[in-house]
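Basis for what follows: all heavy atoms, side chains included, without hydrogens, waters or symmetry-related copies. Just so it is clear: chains get the letters A, B, ... in the order the sequence lines come, proteins before strands, and each one is counted from 1.
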Amino acid sequence: MRLIHTADLHLDACYARAGFDAAFGRERRAGLRAVLTRILQRAAEWPADAVLIAGDLFDLERISRDTIGYLQNAFADISPVTVLIAPGNRDPFTSTSPYAAETWPENVRIFSRPEWQQFDVPGANLTVHGFAFDGADISRNPFGALAIPQDGRVHVAVAHGSEMSHTPRGKAPLAPFAASAAAKPGLAYLALGHYHETRSIDAPHGTAMHYCGAPEGHGFEETGPRHYLEVQVERDVARVERKIASDVVYAAHTLDCSPFESAQEVVEAILDKTGGQANRTILRIALIGTASPAWQGDMESIRAQVARRTLALDLQDNTELLEDYNALGREQTSLGSFIKRMNDELNDAPDEDRRSLVRRARQVGLAAYRGRDLPAAGLPRED
Amino acid sequence: MRIEKLWLDGYGRFSGKDLEVAPGFQIIVGPNEQGKSTVRNFIGDMLYGQKKNAAQADHDDGYELRRPWRHPDKYCGRLLYRLDDGREIEVQRNFDERHEVVRIFDHTNNREITADFPRLRNREPMFAEQHLGVPKAVFLHTATINHFTLENLGDAGALSQIREKLLSLADSAEVAGSADTALTVIEGRIAQIGRPTAKSRPLPAARARLNELEREKGRVEIVCRELSDLEYHRQELRRALADARQRRTTIDDKLRVLDKADRRKRLNEAEALHVEIDEVTQTCFALSAYRDFPLEREGDLQRGANVVATARTQLERTLSERAQLQREYELERERLGPLADIEIKSVPEDMERKLVEMERQIGETRARLEQLQIERNASAERHASAREDLENLPDFSHLADDPIAWLTRIVSDYRVVAQSRDKDQSKLERVQDQVAAIEERLAKPEGIFSAFEDFKSEAEAYEEDQRHVADQRMEILTRIDRFRIDAEEHEDFISQMRMLAIIVGVVFVACLVALLFNFDNLGIKIALGCAALFLLISLLWLLTSRLKSAEARNKLVEAESRLNKLDSNLGERRERIAEAVKRAGYDTVRELEALFERYEHDRAELAILLRQMDEQQQAANDTIEQAQLEFTRLQEHFAAAGAPIASEDDIPVAMSQGIARYQEYRDAKRRASENRDKPAGFDSQIASAREDLEILEMEERDVALTARRIMRESGFREEATFTSALSAVRNYQLRCAQLREKRGRIDLLQEQIQALDRQIEREEQELEMEDDRLKTCLEEAGAESIEQWRERAEKAREYSAAWSRRQNLQQQLDSALRGDDLDTLRREARDNGGDVVAVTQHPGDLKIERDLLSAEVDDLTQQEHELHIVITEKQAASRTLNEIEEEEAELERRIKSLDFELRAAAYAAAVIEEVARDRHARIAPRLASLASGYLSDITGGAYKELNISRDLRITIRIPETSMADEDPQQRLSQGTVDQVYFALRMALIQGMSEAGESIPMLLDDPFSNYDDLRLARSMRLLSNMAGRCQILLFTCRDDVVRAAQNVNAPILEL
């Protein structure tokens, strides 16, 4: 028995907090569709007996007609492979949900109630159990209440929820359950969604329990390659294999620029951070340390060079100019008095916001004394 | 700090070169390219190293340039200097980057002190900064004065340039980089980001865009809600559509069942019809002889018989009717009598119309005549009124061609004069205010300095006295010290002699006692004699010392007395000066002198102002007189224009009145002109109208005569009683109509009789024709009579009925089969067999229901399609919330970033402004004081006062004037400007030195524009300053060397 397990695509998600321009959001939403298309194509070619989607296929608040149309066509294209969807907290099965309101292809089965339901996959000795979130939080938690009949069929389940011993930090628990309660004799595989990292959960009764993770990252907190799972069940034993789902990876790094003597060195060091895969990397790089005057003025050029080679770039310049502010503060000049005042304020600043402001004011003031142009994000350069 | 010795082991052109420099003023002389700058750089590099800045370990650009020419690897040197506290420090450096090292030794304490100093981020030990109290930049740019900088001065705005340089040095220790410049740069940055008032700058533009997005988001949210509603509606439609389709399918199933039953029923019907058709066919065959009988002519035959009978009856009725009419006609003629034969003539219609038209025209012409008469009278009245108005208004035509322009011009002329008067008056008041202000300012110094006949001389005498007294005091104090020492020395000697005399006296007594016991002992005698002699000498010395001590004490007392007397010698002058200083609220006489100078300056200024005030008073009087003359003239003009004025305040009102009067005048003139010729015009129009009226009346009379003649001829004698022909015509027409009505009845009867004659003739012809047609019809059917024709027709009808029935049955069969053939139905009946589900509804009802459902489906499909289009259009018309929120987020990030930059820049500017203001205010007084002294020394007192304001603005008091000039290049030579700058630079360094360690000055030929005298004075000044700090003067000029020799400055040749 062959199964494809994916979840947490969050189609039509909003990327306002990603830190990029509006075009980025459009590209990523298109990228997510491409990822799902590849997974479904794989399901058709393998061929899989069923595709299990363990919730959060889309964001209900933002789903567009276009995306609904895309899903209907994409699922229809892989017919007769059966697609089983267990709606999650972001795409709950409500009366206004596209799951309820739209007409779905024959090969799509959507669990519609917050209690265990089962579908027999046509043409296969397979029964899939699942349930649906009926709102942002499920009205009753069905984990632990699954009954598996001993009927000689292969039984698997698909669900959205939080296995409590593996909850990631900061992730809100939804439909919480313990692996021991969810695992049942005769249940070969439990396909889980909600956690965006791929996780394998130890469970009793020979039940294989896996979070497939999001098939593409949704931000810089989800870095590195992302996966979907290919599952083969033979004699009630599931063999699970991770497959890379997305061509795009998020990467967030910090780079100490103090040793660099030229802009080119900085560019190369940044690109090194992408492991040679800059062209498929969405990169956030925070430059820290001291910036040599030899290249500090070329920050925009550095940004442009790296941006050309990466998929998207969020470059945060937190470097300090290579200056000995203590020495400058000792000078018996107005500049010295200015720097000393700023140094004192930096030491006494009550919070990081104030420190940032004073630090920047110090840079601006020093550059002004020296008649030097100090570039700022969002400002045209005056050559 | 004073540099003592330099070892240039390997540095630039020098290898193994040692230089020993004087601790004070040292001249280092050499032609160009002999290494003066190299030595100067060596000092800087030895003290502060060669790094680019305090944070960078990289070497500066001169590193390679200064590498030794001969032995590049030996790039090192030593420097020995002595601090003000006496410690001798030696610095050893290896500049070569491969072996770079710096070591500092304290020779006074014989230890290495390199580790005692913290290091900068570039790893340089901060020994020089700690010893001198200034960092590298300040030392290099402030303590070094070179000729290159000075050569750029002396052109326009020299003091401004000096100020700029001074500001830069004071603000950033750089030759360019003042707080003002920095603030300008930051202001530019703030403007570039965009103040809140700006529109096109990035920050306000981003904020505006964000507001737009907020509005767009609001719109899109509304669209989303609408779309949601539409989607819901669409789902409802879809459900309804599916339901309708389902119901239609059910009906289709039922219809199919009913169709099956219907086919079976039709088969049965068809079988029965088939049998019946066979029977009827046999009957038709039996009657086939009558098949072609013209049954269709039966109607014609019957109609022909009826027509013939009817025609006969009608003819008889018409003949009877004619006889009746003939009788009525004859009766009517008898009743009318003779009027029956009179001819009635009509008045032609166009004649009546013409009469009506002419009557209307005559009426109109008469009305027009009256209107013209009225208008003529009105025009004559308007002309008279305008003439009367003109007589009551000024005759503006004699005043000016364009009276408004003329009035405007004379008022404007007067205003110019009045403004000139006011301006002079205002100037006078301003000068009076200035005089009052200066007089007020002078009040206090006047009170102070009035006590002195000549304060300046007295102050100079006081200063001279003070100097003299100081010299005397110093001399007396020296003598007092000497007398005090003498007295103390004598008192010490007295005590010593006293002790010696006691000892010698004891010895003498002891010798005397011994002699009493051994009188003959010569030795004792000798000892006694010696003791007596020593005792005598001791006593003599004691006495002498006492006398000398007393004398020293007396001299001491006398000197102290002289000292006390010396202070009292200053006496009255000092008291008066001190009193003046106290009254002025100052601490020093110098300040009082400055006050006196200001007082003098104010007095001079007051004198100038008083003179100006007199002149201004005269000018004001002149302009007042001129204005009065102009006003009188203006009054005359306005009186002529009918708007008299009494005062200046009346001018605007009079101007308006004058213009109004002129407009009235112009209006009256226009009215008189317009109405002058109008009555004559009206008279000619009235004459013309009268002529028209006469012609019309004549024409009307002709037509009326013609009409009356016609009426008389027609026997209408009453026409003579009508004065209006039109009334007579209308009455005649009425009479004619009544007569015609009576004669019409006879004419009508006559016409009816003639018509009946024609009808009788026509009916006789028709009767004959119908008879012929009936006979033909009987012949066609082979019948001789109508009865025979009817027998044969009965048989033919039987055949036809049978044949019709057969055809009817055939049609019923076809209808039952409905396009199918009988065999097909029989076969289907055989194939289907079995029972058919019973459907209770009628097929017609079901079909109607199905049609309704189809219509509903079509309607719902159409609605769903329309909704789909609406939804698609709405979606396409607006962006998604995702796109808007993502752009919003991007803009918010941008605004945050720009706002941060703006706040940072504003904060930096505020702090820079504050610290610069504080620093400038702090250094300005001392800088002015020192620089004034130096400039005075250099120029021999020609320029003694440099004023520096709190913002380091420089003014210089020009000799022989009381003017402080900010832009003195018109008066100062380039050399003097150089000297001003030099004095300020020296003062800046000196000011910094006063705070701590003395800073050596490195001067690189700053005297290029000095004359010999000022050069000599500068050398003297530098020589004098050498006591306070070391000065190394690098020069290639012989005149400088000679001047230096004159002040005994040591010369070191490279």
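Residues R893(B) and E890(B) are not paired through a salt bridge, judged by the lack of any N-O separation under 4.0 Å between the basic side chain and the carboxylate. Salt-bridge check for D899(B) with R903(B): passed, with a basic side-chain N closer than 4.0 Å to an acidic carboxylate O. Using a 4.0 Å cut-off between charged side-chain N and carboxylate O, K136(B) and E124(B) make no salt bridge. The pair R62(A)-E885(B) meets the salt-bridge criterion, since a charged nitrogen lies less than 4.0 angstrom from a carboxylate oxygen. A salt bridge does not link D56(A) with R90(A): every distance from a Lys NZ or Arg NE/NH1/NH2 to an Asp or Glu carboxylate oxygen is 4.0 Å or more.
The CG atom of L346(A) sits 9.0 Å away from the OG atom of S356(A) when rounded to the nearest 0.5 Å. Atom CZ in R341(A) sits 12.0 Å away from atom CD1 in I339(A) (nearest 0.5 Å). Separation of atoms NE2 (H10(A)) and OH (Y15(A)) is listed at 9.5 Å; rounding is to 0.5 Å.
Looking at I871(B), only its side chain comes within 4.5 Å of chain A, counting heavy atoms on both sides. For a residue to count as touching a neighbouring chain, one of its non-hydrogen atoms must lie under 4.5 Å from one of that chain's; by this rule R362(A) does not touch chain B. Neither the backbone nor the side chain of A23(A) comes within less than 4.5 Å of any heavy atom in chain B. With a 4.5 angstrom heavy-atom cutoff, E914(B) touches chain A only via side-chain atoms. Interface residue R238(B): only side-chain heavy atoms are found under 4.5 Å from chain A. Interface remark: E231(B) contributes side-chain atoms only to the contact with chain A (heavy atom separation under 4.5 Å). Heavy atoms of E261(A) lying under 4.5 Å from chain B belong exclusively to its side chain. For chain A, the nearby part of R234(B) is the side chain; its heavy atoms alone come within less than 4.5 Å. Looking at R26(A), both its backbone and its side chain come within 4.5 Å of chain B, counting heavy atoms on both sides. If you measure heavy-atom distances from T290(A) to chain B, the contacts under 4.5 Å come from the side chain alone. Contacts of E61(A) with chain B are absent, with no heavy-atom separation under 4.5 Å from either backbone or side chain. Contact annotation for E883(B): both backbone and side-chain heavy atoms come within less than 4.5 Å of a heavy atom of chain A. Only the side chain of Q235(B) comes within contact range of chain A, with at least one heavy atom under 4.5 Å from a heavy atom of that chain.
Looking only at heavy-atom pairs under 4.5 Å with chain B, the residue among R17(A), E345(A), R65(A) that has the most is R65(A). Between chain A and the options I884(B), V185(B), V911(B), D918(B), the largest number of non-hydrogen pairs under 4.5 Å is found for V911(B). Put simply, of S228(B), A889(B), A182(B), the one with the most heavy-atom pairs under 4.5 Å next to chain A is A182(B). With chain B as the partner, the residue from T103(A), T96(A), D12(A) showing the most heavy-atom pairs under 4.5 Å is D12(A). Contacts with chain A were tallied for T880(B), L120(B), I912(B); I912(B) has the most, counting heavy-atom pairs under 4.5 Å. By number of non-hydrogen pairs under 4.5 angstrom with chain B, the leading residue of A368(A), S337(A), S64(A), S292(A) is A368(A).
Nearest heavy-atom pair across A286(A) and N318(A) is CB-ND2, 4.2 Å.
Between the side chains of T67(A) and R33(A), at least one donor N or O lies within less than 3.5 Å of an accepting N or O.
Below 30°, between 30° and 60°, or above 60°: for F139(B) and Y48(B) the angle between ring planes is between 30° and 60°, a tilted geometry.
Within the 3.5 Å criterion, the main-chain N or O of F260(A) finds a donor-acceptor partner in the side chain of W295(A).
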